[in-house]
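First the structure, in the form of structure tokens, and then the observations on it.
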Amino acid sequence: MTGNLYQKIYACVRKIPRGKVATYGQIAALCGSPRGARIVGYALHVIPENSNIPWQRVINSQGFISTSCLGHPKSLQRDLLISEGVKVETKNDLYNIDLNNYLWQPK
DNA sequence: AAGGTGACTAACA
DNA sequence: ATGTTAGCCACCT
């Protein structure tokens, strides 16, 4: 089946602890594809809604929520993060997370 | 088979 | 500092 890399990506995303966030590039690197940030984005894009993958914990390198207006509004991702204890600042319709405090740092 | 797209980044101007 | 360009690589048409 195709999407072997996707399964790997999903596995990494599931490792993100509650209350922390990770960047696309970070997940890509953990999967052995240091330049595969876009692939991660695509992988999350095709996640089924009923999956147990904490996709909301993945944001871009700037600490902003990147989800464009697709299936899920950004506000949903913000709400999910807030409910996990992550502080999200709202700036001009954009949602920002303080990476210095909430970025996941795997060993 | 070939070119376009994207929930990305980093480097430049 | 903000805006643009170029790499990136799997998926889609």
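Order of the sequence lines fixes the chain letters, A, B, ..., with proteins taken first and strands second; residue numbering starts at 1 for each chain.
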Provide a list of protein-nucleic acid N or O atom pairs under 3.5 angstrom, restricted to nucleotides 9-13 of chain C.
none

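Every residue was checked against the side chain to side chain contact (heavy atoms under 4.5 Å, CB included) condition with S61(A), not counting sequence neighbours, and none meets it. Shown here are the side chain to side chain donor-acceptor pair (under 3.5 Å) partners of N96(A), two or more places apart in sequence or in another chain: there are none. With sequence neighbours excluded, the residues satisfying side chain to side chain contact (heavy atoms under 4.5 Å, CB included) with R78(A) are I65(A), S75(A), I82(A), V88(A), T90(A), Y95(A).
Between S61(A) and the phosphate of dC8(B), there is no side-chain N or O to OP1/OP2 separation shorter than 4.0 Å.
Computed from coordinates, the H45(A) NE2 to dG6(B) P distance equals 9 Å when rounded to whole Å. In this entry the distance linking CG of N60(A) with P of dG6(B) reads 17 Å, nearest Å. Going from atom CD1 of I9(A) over to atom P of dA7(B) covers 14 Å, rounded to whole Å.
Within the structure, the salt bridge (charged side-chain N to carboxylate O under 4.0 Å, His left out) test picks out the following pairs touching residues 50-61 of chain A (sequence neighbours left out): R57(A)-E84(A). Listed by first and then second residue, the salt bridge (charged side-chain N to carboxylate O under 4.0 Å, His left out) pairs involving residues 89-101 of chain A are E89(A)-K91(A) (not counting sequence neighbours). Listed by first and then second residue, the salt bridge (charged side-chain N to carboxylate O under 4.0 Å, His left out) pairs involving residues 4-18 of chain A amount to none (not counting sequence neighbours).
The shortest heavy-atom contact between I16(A) and A22(A) is CD1-CB, 3.7 Å.
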Does the side-chain contact (heavy atoms from CB on, under 4.5 Å) test come out yes or no for V21(A) and L99(A), once each step is laid out? CA-CA 8 Å; V21(A) 298; L99(A) 292 179; 4.1 Å; yes
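In the hydrophobic clustering, where aliphatic and aromatic side chains (Ile, Leu, Val, Met, Phe, Trp, Tyr) are joined below 4.5 Å either directly or transitively, F64(A) groups with L94(A).
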Less than 3.5 Å apart, which donor and acceptor atoms pair up between the side chains of residues 23-36 of chain A and the rest of the protein, not counting sequence neighbours?
from   : atom 1 : to      : atom 2 : distance (Å)
T23(A) : OG1    : Q26(A)  : N      : 3.1
Q26(A) : OE1    : T23(A)  : N      : 3.2
Q26(A) : NE2    : W104(A) : O      : 2.7

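Taking every heavy atom of residues 77-92 of chain A and every atom of DNA chain C, no pair lies under 4.0 Å. Of the residues in residues 18-30 of chain A, those placing a heavy atom less than 4.0 Å from an atom of DNA chain B are T23(A), Y24(A), G25(A), in numerical order.
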